[in-house]
Amino acid sequence: MERKEFRELTPVDEARRLVNHIKVAPGTEYVCIGNATGRILAEDVLSGVDVPGFNRSVKDGYALRARDTYRATEPEPVTLRVTASIPAGCAGKFFVGDGEAIEISTGAPIPEGSDAVIMVEQTKQVGDDVLIYQPVHIAENIMRAGSDIMKGERVLRRNTRIGSREVGVLASIGIMEVPVKRLLVGIISTGDELVEPGKELLSGKIFDANSYAIASNIEECGAVPRMYGIVPDDEKQMEEALERAINECDIVLTSGSTSAGIGDIMYRIIEEKGETLAHGISIKPGKPVVIGMINGVPTIGLPGNPTSALSIFNEFVAPILYNSLEVAPSFKTKVQAVMGTGIRSGGREELFPVGVVRGRAYPADKTSGAITTLADADGIIEIRAHTEYIEAGSPVEVTMFGNARSPDIMFVGGQCLGVDLLEDVTGKIIRTLNMGSSAGFTAIAGGTTDIAGVNMPDAEGEYNSHVIRKMGLTDVVLVKGYKRELGLIFRPETKVGGIDDLPGLRLINRNRGSGTRAILDMELGRLAEQKGISRAELTKTIEGYNSGSKTHRSVCESIKDGRADVGFGLRAAAEEAGLAFFPVTEDEFDLVVRREVLDAPEIEVLLRTLVSEEFSERLPAGLRTYGRTGEMILSF
Ligand code: AMP
Ligand code: MG
């Protein structure tokens, strides 16, 4: 098949204008108030009852006639005769005459004949009498029927988004079923590689993230998602799915298959069945987006990459939903932040994913197509086409994804169960990017993280400070962390008794740039020396030496499922995975902290926790604090 190049890209402003004119008429359905949250009211709601439905007391006290109290004073109280007691919810008939009072609870109906309630604190009951120490005026402490909501009053307007307050109002006027707009939005995910979450993931496959993420986004807008599942990259099946969805829904969204590559045929189907309004928008990410109309049903082909799909949804689909539902976008919260680091852009307008940590925005844009971008991003910033560079410290406006809570602390570096424990004990949200020690140092140098977790030894076995020295980092502090037992990890049935057993076994190594890999290299260097060969010669005899797993946990996974025989890593990780462990050495896992964040309360808590007894006691097997834990090194 021929590779089709993108034709004219639609400029962003034009695409915005385009979607602002698209509007469909939703239907109406009745839903139970228990399921109405987030939906949009289709009609005004009038109250069929008074709230409260009767005059009721707002205090515990005595119902009486106000004029009987007018002469009451502290030294000369008035005495009234107590004839009865009315609890809340009481349906009985009572009457208060001259010189009488009836004991009454908060929320109970006011008896006939009385026109005020005196608080119990201003009285004293003596036998069958009550002494009144203060005068009360007519209507005091009485909530009149209908004073909250009057029968016939409009309590909620059409086009209101239903939240907890609205549900409360509806319940208080006795409404169980409420008319809401039903804007049905179909979702079709396309791609031979997709598997439904919860099913088995065969090799080469990925889970379908888009169906569920987009459905959730549709709900957040107040519309109703309907999933049509995963359709393989097959023209006929796509066509069938589209046809069904277009017949049943008000709006149809597809994801994937929009780029002009082989097997990507969605746009052609839209073209054949209806009208293409835009194919390709001049925006990053997600330029392959199709906006079309098939039989009056807006049909939008979103890009397959999940971050792109959600960004494009927010930008070009949400407005259609809001227009159709006749509501203002309410959940789109914008926060002001400053760039934590400079970013380069230019060429096209860009929706740039960022993480937001304590008011600072960091690029969450790893390579396009990385699902982690989505998990690590809290929102997007819009960068204009002519902007080439945004400097660190520049103010930016971040449009947050849904109601994401942004993290308290940013952490880049080696993966460690001790960091998970720090997160548990501090109760802070730590966003961890487990990419190894080198990445940690790089991120600290670039200002894109608060803390780097590092375990990089030099030839003398001194940890981390030599790297700081070599990189010339001046505005950082090295905080000594804890020691970790490192060794060989293998399935219990494999025979491993030391580093010299490695030749002949399939190794799963850590990624280049991880301290753990560097430590294994030192051990291998020592072994090579014993054997009188070079390290390179030795590593050639170890199958898998060039592999590079990013975390301790993923090393264990590879061994567990038999892709490798042995790995080098933490005892804690081996035990967690139920694997055997042969101890080889201990490393020092330290934290490099940017000096300017040292006083932030979140960082202070973390550093205090590091030296706490609780942290020390709860460390998993193979990890231990020691004399230098918490020691701060300021100069290198
Ligand atoms: P496509 O637009 O089909 O070329 O897809 C672009 C990228 O997004 C590919 O790497 C796909 O595997 C990925 N992708 C497509 N659909 C989904 C989905 N529903 N969930 C997660 N990733 C997807
Ligand atoms: Mg595809």
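Quick caveat, the model's predicted, so the values are computed rather than measured. Start at 1 and go down the list; that is how both ligands and their atoms are numbered.
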Inset, instruction - Please check if any side-chain donor atom of S257 sits under 3.5 Å from a side-chain acceptor atom of D233, or the reverse. - result: yes

Inset, instruction - Return the minimal non-hydrogen interatomic distance between A36 and V178, and the atom names on each side. - result: CB-CG1, 3.9 Å

Legend entry - N/O separation below 3.5 Å, S211 to ligand 1: no

Inset, instruction - Identify, by atom number and element, the atoms of ligand 1 in contact range of N305, meaning under 4.0 Å from any of its heavy atoms. - result: 6 (C), 7 (C), 8 (O)

Legend entry - Under 3.5 Å donor-acceptor, T449 side chain and M410 backbone: yes

Inset, instruction - Heavy-atom contacts with S257 under 4.0 Å: which atoms of ligand 1 show up? List them by number with element. - result: 1 (P), 2 (O), 3 (O)

Legend entry - Of the listed options A213, G304, P197, closest to atom 16 (N) of ligand 1 (non-hydrogen atoms): G304

Inset, instruction - Have a look at ligand 1 and work out which part of I230, if any, has a heavy atom under 4.0 Å from it: side chain, backbone, both or neither. - result: neither

Inset, instruction - For I206, counting its heavy atoms only, list the atoms of ligand 1 lying under 4.0 Å from any of them. - result: 12 (O), 21 (C), 22 (N), 23 (C)

Inset, instruction - List for me each residue that meets side chain to side chain contact (heavy atoms under 4.5 Å, CB included) alongside T551, sequence neighbours excluded, and say none if there are none. - result: Q415, N434, R553, S554

Inset, instruction - Consider ligand 1: state whether an atom of it lies below 4.0 angstrom from any non-hydrogen atom of P306. - result: yes

Inset, instruction - Begin with the C-alpha distance, continue with both residues' side-chain angles, and end with the deciding distance and a verdict on side-chain hydrogen bond (donor to acceptor under 3.5 Å, both in side chains) for D208 and S189. - result: CA-CA 7 Å; D208 169 18; S189 280; 3.1 Å; yes

Legend entry - Donor-acceptor contact below 3.5 Å, side chain R517 vs main chain N509: no

Inset, instruction - May I ask you to check if ligand 1 and P303 share an N or O to N or O distance below 3.5 Å? - result: no

Inset, instruction - Identify, by atom number and element, the atoms of ligand 1 in contact range of F207, meaning under 4.0 Å from any of its heavy atoms. - result: 20 (N), 21 (C)

Legend entry - Residue pair K273 / N295, side-chain donor-acceptor N/O under 3.5 Å: no

